[in-house]
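Down below is the structure, laid out as structure tokens.
Numbering of residues begins at 1 and proceeds along the displayed sequence.
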Amino acid sequence: IETSEGKALVTFEGVMDSYIVEEVSQQLEPLYELTDTEITLDCTKLEYIASSGLRMFLLLLRETKANGCQILIKGVSPEVMTIFESTGFTKCFKFV
């Protein structure tokens with residue numbers, strides 16, 4: 001996680017499954033305290049995301065939106081985008 005004035009960049013890599021989500025969720029908790037920040041989730045190196053990972057993204061959106069933050073998702077592979085599309089998550093997030 002990299003933060004600078006008004007922006008945060010979170011880079012994901014590998015497989016986001018139920019085995020790793022708890023650890024990643026704990027690392028994301030400081031983002032819940034941000035206000036008026038553009039948070040970019042870089043998924044360029046994300047190979048797969050399970051339902052537990054999707055729930056983690058949704059929780060991050062819910063917790064930060066109340067503080068005026070915006071979540072952007074970038075670099076999603078076609079395989080991972082299929083997962084976002086089939087679950088309806090493309091309606092919740094802005095993809096860049």
Backbone N or O of [Y] within a donor-acceptor pair of the [X] side chain at under 3.5 Å?
{"X": "Asp42", "Y": "Gly75", "value": "no"}
{"X": "Thr82", "Y": "Val80", "value": "no"}
{"X": "Asn67", "Y": "Leu34", "value": "yes"}

message: For a side chain to side chain contact (heavy atoms under 4.5 Å, CB included) check, start with the C-alpha distance between Phe89 and Ile83, then their side-chain angles and the critical distance, and finish with the verdict.
response: CA-CA 8 Å; Phe89 274 59; Ile83 297 168; over 6 Å; no
field: Closest approach of Asp36 to Cys69 (non-hydrogen atoms, all atoms of both residues)
entry: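 That would be N-SG, 3.9 Å.
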message: To check you understand the geometry: which heavy-atom pair defines the closest contact between Ile71 and Leu61, and what is its length?
response: CG1-CD1, 3.7 Å
- request: Give every residue pair that meets the salt bridge (Lys or Arg N to Asp or Glu O under 4.0 Å) criterion with at least one member in residues 44-69, sequence neighbours excluded.
  value: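 Residue pairs passing salt bridge (Lys or Arg N to Asp or Glu O under 4.0 Å), neighbours aside: none found.
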query: Can you say whether the rings of Phe95 and Phe84 are parallel (under 30°), tilted (30 to 60°) or perpendicular (over 60°)?
result: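 Aromatic pair Phe95/Phe84 classed perpendicular.
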- request: For atom CD of Glu22, decide whether the heavy atoms of other residues, nucleotides or ligands shown that lie under 6.0 angstrom number more than 12.
  value: no
- request: Starting from the C-alpha separation in whole Å, work towards a yes-or-no answer on side chain to side chain contact (heavy atoms under 4.5 Å, CB included) for Thr44 and Thr11.
  value: CA-CA 8 Å; Thr44 305; Thr11 304; over 6 Å; no
query: By salt bridge (charged side-chain N to carboxylate O under 4.0 Å, His left out), which residues pair with Lys7, not counting sequence neighbours?
result: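 Applying salt bridge (charged side-chain N to carboxylate O under 4.0 Å, His left out) to Lys7 gives Glu38.
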- request: List the steps and the verdict of side chain to side chain contact (heavy atoms under 4.5 Å, CB included) for Met16 and Leu54.
  value: CA-CA 9 Å; Met16 181 75 61; Leu54 292 172; over 6 Å; no
message: One pair to check against side chain to side chain contact (heavy atoms under 4.5 Å, CB included): Leu41 and Leu46. What are the steps and the verdict?
response: CA-CA 10 Å; Leu41 307 179; Leu46 185 66; over 6 Å; no
